[in-house]
Every structure is written in C-alpha cells, then in structure tokens.
Amino acid sequence: MSHKLSEGSLEVIMHGGLYDKPIMQVIGSKKIQGSGVNERFRLMVSDGKHTHTYAMLATQLNDKLISGELSDYSIVQIDRFVTSLVKNPGKAEKRVMIILDITIIVPGNQIGKTIGNPTSWSEETAQAPPASTMQPEQKLKATPTTSAPRPANAPSLDSSLLSTQMTHPIISLSPYQNKWVIKARVMSKSGIRTWSNAKGEGKLFSMDLCDDSGEIRATAFKNECDKFYDMIQVDKVYYISRCQLKTANKQFTSLKNDYEMTFTPDTVVAECMEDASCVPQVKYEFIPINEIADKGPDTLLDVIGVCKMASDVQELTARSTGKLLKKREVTLVDATGAICLTLWGNSAETFDGNAHPVVAAKGVRVTEFNGSKSLSCLASSMVRHNPDLPRAHQLRGWYDNGGADLDVVNISARAGAGGYSGSGEWITFSEAEGRQLGSGNKGDYFTSLGVLTFTFADNAVYKACPQDQCNKKLLDQENGLFRCEKCNREYPNYKYRLLLGAHVSDPSGDQRVTAFNEAAETILGRHAADIGRLFEYDKPAYAQMFDDVKFNTYVFKFRTKMEVYNDEARLKTVVMSAQPVDYKDANSRLIKSIKALSGVDV
DNA sequence: CCCCCCCC
C-alpha cells in the first residue's frame, strides 16, 4: 500500500510560504523544554523529499504524543500551522514550524519505517523558493503605511491587508517565534500599579487578551506603561506585534496559556478599526456552583449565577498589612446551588445587587473557611453584570420563572466554629432525647428536619466589637463611642452580628434554639449588616423579614448540651447550620425509613 | 522587571 506524502511541501513552508494541509510523516520526536504544562516537543517530519527537525508541536497537542497516538512513522495531515524565524545570538536565523492542528491518517505501527529517502533540509542547502510561493513577510512589507506609530522595519499594520491568514492565533505564540501579529480583544485591563523592592522600583499595568484560538496576559512596564495605558481600552480589538514571550506563572493567572507577553520598546499596537465581531468576547469556562464544593482552596475558576442577595459594603482592617479594606459579599445562585462571592475595593463599592443581576466572574479564587467553600475576587478577577451570553440569558429566565423561590444548597453556609461531626442521619427531637444527647460534658451534634415555628425578633441583632476575633456585644456610651468589655476599649465603629432565638418543631416536639451569626444569616436570608440597617432605619421591613421565614423548613444541624442555670438543668441547643431542604435527599431518607418500619419494599 | 489580592 502506498502512502502519498506532500513531496516538496517542506521546502515551500520553510521559505515562509503557504501550503494547505500538507501530508507528512513523523520520523521522530524530542522533548525540548520544561515539564508539566511547560513541556514542549519538537518533531522530525518528512514530506518524502526532505526531513526537518524544527517542527514544534503546540502544547495543546502534547497529549497526542504522550499517549502514543502520534507515534514515530505516523502519517499525518497538518491541518493548521504557522512558521516563524527564530534568531539565536551568534547563529543564523532559523525558521521553525509550529503545528497547531494535526490529523493522524495512518498510525506509525502500520508503517514501521521511513517512507522514501528524504534528505535533511536546511537553509544553506535550500534552493531559492519556487516562484509561486507567497511570503507573508514580504507581502506585509509591501503594504501601505498606516498612521500607527511603528519602527521603520516593523510589519505594516494596515488592517485591510491583515487578513486572518496574516495574523497569528494567540495559541501559537511562543518564545520560539518573534515575527507575529495578533488580532486580539482586550478582556480586561488592570490599573497602573507601582512597586518598590530590593531589585528596584517601577510601574506597570497588565491586560488580558483573547482571540478565537485562546487568551494571553500582556504586561507593560515603565515606559511602555506610560506609552500604552491610555490607548488600551477594554473590549476594543487591537493588532499587536513585537512583544517578548515568557513562561507564565500559573499561580497568578487563570488564563489558559503557558506563556505571557511583555511589551518592549519595539512593541506595536494599532486599534482594529474595521468589523472585529469575529474576535470573540471574554472566554469563560463556567462550572456549576455545586461543583465548586469539590474544588480545593486557591483554585482559580469561572462562575456565573444570579445575585440572590448582596451585603452592604463592610470596612475592615487587614490583619497582615493594616490596610483598610472594603468588601461586599454577594450570594450567587444557579439551579445546582448557591455560593458566596466576596468583592473587594472599588468593585465592592460599585456593585448593585438590587435588581438581582446575573453575575459572571472569571478567575475568582476558591477559599475555605470553617470547612465550607466560598469565592473571593483577586485583582486579576473579572466580574461582569448581565453579560450578553447565552448562559446568562438562560439563568435570567430560570431565576425569573421560579428559580428565585427555589431553595438550593448554599455551599458557603458555614458549619460554625465547633465543626459538625454528626453521622449524617436525621433524627427527631424525641429521638435525640431518647439517646440522652447533650448529657455529656462536651455537647452532642445531631441533624433534624424541622420547621421554624417562632423567631424572637426583638434582640436578634446587636452591635458587636469591630475587632476581628471579638464578637462581644458593645455598650453604647451615648457619646458616639461604644465600649467593649472584653477588649477593654472604646470604638467609634461596630459591626452587626446576629443572635437569633427561635423555636423549631418536628413531628415529635418543639425545641427552643439559638442561632448565632452565620446560621442566623442563612435562616433570615440576609447578611447581618443588612439586618442591622433594617433594624435602625426600616422597622416594618425588619419585622416583615421575621414573618417571611416563619414556617420555613430547614435541615438543621444542632449542637446540644445540658446546662445548669439557676440550679435548673436545661438543654441548650445551638443551630450550627440551617440548610434549605434538598427534597431528593429528603425523600430517599423517607423511603428508607418507611422500608425499615414496614419491611415493605416501596 | 509584577505576582499585592486582604476579613470572618
């Protein structure tokens, strides 16, 4: 069986010409750099006439090689590639080919040998390119100049002649290529930041760019920072060339790229003035909210949800730096769950959750506190309101047509400082009593399905000590200052906290319980700061809030302990958490207990 | 060449 290779295609390609989907044979491969995500491979390919050792595999194709799918002697069709000249100090310019897409036509084990007698191709032995060969660089140089500032020898950026063929996909950029032009949309742009450390000082700003192939971060330092900061605008599309590429530090970015760019004095940026609708908007990889529970702390991810509630802006002092911080906690919901997202600084102040906007967040970090997960924005995170995305419209429809009233599991609901260590079994109050829960000296934990039958609204919210660790109720000195007995200090400020007394009933009886701050927030569906504000300024709304939650059913986690008060032993039961009912789970528990009671398979 | 991103 004969296999036709595209004889002579390498010659064309290595002169910078175009050749549509050449068929080649892989003769060998070699790992050239790094490990893990930075691993890169070089292939020796043959077109039957020549072999060439500078065919780089785009990193997203590494798996094909590692898995063995792309074995030696495979016959492949190179569906998409770019070439570029690489200059190494003291050496001649060398053209490399970067393979972006590849189809394996015949696996290597079916061939088992090199086809034909190809000879090694090199610039020195190469003949002049065939007359028909197009050379992108030459073509670019021939274009009329534009108004964009550029060095005399830089490629022209006349956009009318920069067809997509002439721009390079972002995914193809690597340190092995220096002649490229990308056509990219600015997804986000940082403010100007200054630094001063042992190595010196300076300023910078960075931006996240995308095209239909991928995304990349670019940073402009010092002179370039001044030169480009005003020009670069979010959502606009630019032609960009002549940046330096280096390995990205994955710790600081969630962008899907092994590399990042640095602007240099040679960098050219020109706004794309014609229709750029082909350049995509921000790329998200949203994950359902309930799946965030399985992500480890510090994971960077993208999320979208409807803002169910948002706290007021809270001010606090960073323990490490002493800096004054502003934050706002936003609860996002989708059909799978709810999660808290913390916004900081300016984005916290400007956030408006009143109309329950759909919020899309890119590159937010998973944090864990007291055993539950929530999300926190970083400086590099991107948060958008009501973005024009199919998923956003879908969520809007879901929320406005009943989703708002659904109880979903809030994965940020705090288990409380004591931590919950119950069996997961649901028991009734009388069963808890029968097991003598609370009679030990450590307290016992149990879970119940119960109905909130009464709430004591009167003293549910109090002004607490603003110190981080201290939640002591403050004494109003009636002079604008508040005294904390625990800290032995007076403060002009305070934070609101909740201490909610309530009654919970289940089929076996009724229990007086206490819910502290976090658990009370879940029960009342609002943050303590908001509740404090209602208490001060809107008493009817405050009262209404307690009416609204009456007779709601929750899955309660309790800690119970017998305490002696005025010579009388009383069971003190604290709500560790109150979760909305997951009815699928509740029903399967019910079916199980019916089976156990009746012996009948239902 | 930055890489801080905070709190309960």
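Protein chains get the first letters and strands the later ones, always in sequence-line order, with residue 1 at the start of each. None of these values were measured; they are calculated from a predicted model.
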Inset, instruction - Name all pairs fulfilling the ring pair (Phe, Tyr, Trp, His ring centres under 6.0 Å) condition that reach into residues 280-322 of chain A, sequence neighbours left out, sorted by first residue then second. - result: Tyr284(A)-Phe286(A)

Inset, instruction - Please assess Lys236(A) against Glu271(A) for the test salt bridge (Lys or Arg N to Asp or Glu O under 4.0 Å), listing each intermediate value before the final yes or no. - result: CA-CA 7 Å; Lys236(A) 285 195 172 173; Glu271(A) 189 180 342; 3.7 Å; yes

Inset, instruction - Pick base, sugar-phosphate or nothing for Lys203(A), based on heavy-atom distances below 4.0 Å to the nucleic acid. - result: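 Here Lys203(A) touches no strand at all.
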
Inset, instruction - Name the nucleic acid region contacted by Arg193(A), choosing base, sugar-phosphate or nothing; use a 4.0 angstrom heavy-atom cut-off, strictly under. - result: base

[N], OP1 or OP2 - any side-chain N/O from [X] closer than 4.0 Å?
X: Ser376(A); N: dC6(B); value: yes
X: Arg217(A); N: dC2(B); value: no
X: Asn197(A); N: dC2(B); value: yes

Legend entry - Distance flag, aromatic centroids of Tyr496(A) and His527(A), threshold under 6.0 Å: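 Distance test on ring centres: not under 6.0 Å, no.
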
Out of [options], which has the shortest distance to the side chain of [X]?
X: Glu260(A); options: dC8(B), dC2(B), dC6(B); answer: dC2(B)
X: Phe369(A); options: dC8(B), dC6(B), dC2(B); answer: dC8(B)
X: Trp195(A); options: dC6(B), dC3(B), dC8(B); answer: dC3(B)

Inset, instruction - Report yes or no: is the cationic atom of Lys189(A) (NZ for Lys, CZ for Arg) closer than 6.0 Å to the six-membered ring centre of Phe228(A), at no more than 45° off its axis? - result: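 No - Lys189(A) does not lie over the ring of Phe228(A) by the 6.0 Å and 45° rule.
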
Atom-pair distance ([atom1] on [X]; [atom2] on [N]), nearest Å:
X: Met261(A); N: dC3(B); atom1: CE; atom2: P; value: 20 Å
X: Lys326(A); N: dC6(B); atom1: NZ; atom2: P; value: 18 Å
X: Leu204(A); N: dC4(B); atom1: CG; atom2: P; value: 12 Å
X: Tyr494(A); N: dC8(B); atom1: OH; atom2: C1'; value: 19 Å
X: Asn346(A); N: dC4(B); atom1: CG; atom2: P; value: 22 Å
X: Glu224(A); N: dC2(B); atom1: CD; atom2: P; value: 14 Å
X: Leu343(A); N: dC6(B); atom1: CG; atom2: P; value: 13 Å
X: Arg328(A); N: dC8(B); atom1: CZ; atom2: C1'; value: 18 Å

Legend entry - Residue met sooner reading DNA chain B from 5', once Gln244(A) and Leu378(A) are mapped to nucleotides: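 Mapping each residue to its closest nucleotide by heavy atoms, the 5'-most match is Gln244(A).
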
Inset, instruction - Applying ring pair (Phe, Tyr, Trp, His ring centres under 6.0 Å), name anything that partners Phe516(A), two or more places apart in sequence or on another chain. - result: none

